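Heads up, the thing below is written out as structure tokens.
Keep in mind it's a predicted model, so treat the numbers as computed, not measured.
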Amino acid sequence: VVVYRAGRRGGYSSCAFPHRFTLHHWSIMTHRTFKVSIALNLLCLALGLGAWVGPNVQTSFNPTIAKPVVYPNSIIHTMASVMGSVELGQRVFVAPFASIRGDEGQHIHIGDDSNVQDGVVIHGLETFDAGRDILENVVTVEGRKYSVYVGERVSLAHQSQVHGPVKIGNDTFVGMQSLIFRSELGDHVVVEPGAKVIGVSVPSHRYVPIMTVVTTQAQADALPMITDQYAYRNLNHTIVHVNTQFADPQTARRLSRGR
């Protein structure tokens, strides 16, 4: 068998394989390629059939096995992952490549009409070990302890990270590639893209400017108020309007009839 390759001066020269290449060899290669192709297609099909929604692994720091609780009118994309002690409220949309892990910090709650967008990670520090609760790693809402509590009509934008202990109030927007860790955000808060909020409590109706790092309570208390002149004051409302329809087609049809 002779093949041709480019020469040094732009022409072509011939070369031969170092061994005899027969139709038998070609048949073996084709058969192997076919099997590899089938295996890859089956893998893609398995990934596409459904999201990974399942229990946590039983460990010393998490002896209780729990499965996610998801309302029927919420949706988890087939390329997302939700595991362990997680509760999704109504009309919650979990986008591709999002990861919600209630396997170390428990519990994780996502409120009604909230959205977890592409590439978002929600996780928490361990909340139980050696037979006792680790209280510094939980937040308490209405008498119940959580690793991460996300309120209603909250938007967690693309690639943001929420790492418990965290509490996020209602109608709050967490911007793209931002980080919330060991913190609480009030109601109607806007965290602009790339901001980092660590170890503080952000009052309601404040915004965290783009790329700002907030690590002291004095910095959090000094954050600017959201006024009528603030450019992104209505951003979260628009995002919730879109994502609740991704989650619940009945909501989309109802809103379409109302136009």
Side-chain angles (χ1 to χ4, degrees), residues 50-77 79-95 97-157 159-170 172 174 178-187 189 191 196-202 247:
W52 168 249
V53 180
N56 57 284
V57 175
Q58 189 175 34
T59 62
S60 63
F61 55 83
N62 192 352
T64 303
I65 296 178
K67 295 181 179 180
V69 177
V70 183
Y71 274 83
N73 59 349
S74 291
I75 189 168
I76 302 169
H77 192 273
M79 298 300 288
S81 173
V82 180
M83 68 180 71
S85 183
V86 177
E87 180 183 39
L88 303 184
Q90 300 189 63
R91 295 172 300 278
V92 172
F93 176 60
V94 181
F97 302 107
S99 174
I100 308 176
R101 291 175 48 201
D103 56 357
E104 181 179 350
Q106 296 191 10
H107 309 276
I108 294 177
H109 172 87
I110 311 295
D112 295 349
D113 301 310
S114 293
N115 56 87
V116 182
Q117 297 180 21
D118 312 68
V120 169
V121 175
I122 303 177
H123 194 233
L125 299 175
E126 56 184 326
T127 53
F128 180 88
D129 195 24
R132 66 175 185 88
D133 293 331
I134 305 176
L135 297 179
E136 61 268 28
N137 289 345
V138 300
V139 295
T140 302
V141 180
E142 296 181 350
R144 187 182 181 190
K145 297 180 178 65
Y146 298 89
S147 172
V148 176
Y149 183 93
V150 176
E152 298 180 354
R153 299 173 301 279
V154 171
S155 296
L156 305 179
Q159 297 183 332
S160 60
Q161 297 183 48
V162 177
H163 203 288
V166 165
K167 176 186 174 184
I168 299 178
N170 300 330
T172 286
V174 177
S178 57
L179 168 66
I180 314 298
F181 174 54
R182 200 181 282 280
S183 295
E184 296 190 12
L185 306 182
D187 299 335
V189 169
V191 179
K196 316 297 181 189
V197 180
I198 302 171
V200 299
S201 179
V202 176

Using modelled atom types only, decide if a donor and an acceptor are shared between the side chain of [X] and the backbone of [Y] within a distance under 3.5 Å.
X	Y	value
Asn137	Glu126	yes
Gln58	Pro63	yes
Asp103	Gly84	no
Ser183	Val200	yes
Arg101	Val121	no
Ser74	Pro72	no
Asn170	Asp187	no
Ser147	Val138	no
Thr172	Gly186	yes
Thr127	Gln106	yes

[Y] and [X], any side-chain heavy atoms less than 4.5 Å apart:
X	Y	answer
Val174	Ile180	yes
Arg91	Asn73	yes
Leu88	Ile76	yes
Phe181	Leu125	yes
Val191	Val202	no
Ile168	Leu156	yes

task: Check whether more than 12 heavy atoms from other residues, nucleotides or ligands sit under 6.0 Å from atom NZ of Lys196, and answer yes or no.
output: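 Yes.
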At their closest point, which heavy atom of [X] faces which heavy atom of [Y], and how far apart are they?
X	Y	answer
Ala98	Val116	CB-CG1, 3.9 Å
His163	Gly124	CE1-C, 3.6 Å
Val148	His123	CG2-O, 3.5 Å
Arg153	Ser114	N-OG, 3.3 Å
Pro68	Gly54	CD-O, 3.2 Å

task: Would you please classify the geometry between the Tyr146 ring and the His107 ring as parallel, tilted or perpendicular, with 30° and 60° separating the classes?
output: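 Geometry flag for Tyr146 against His107: perpendicular rings.
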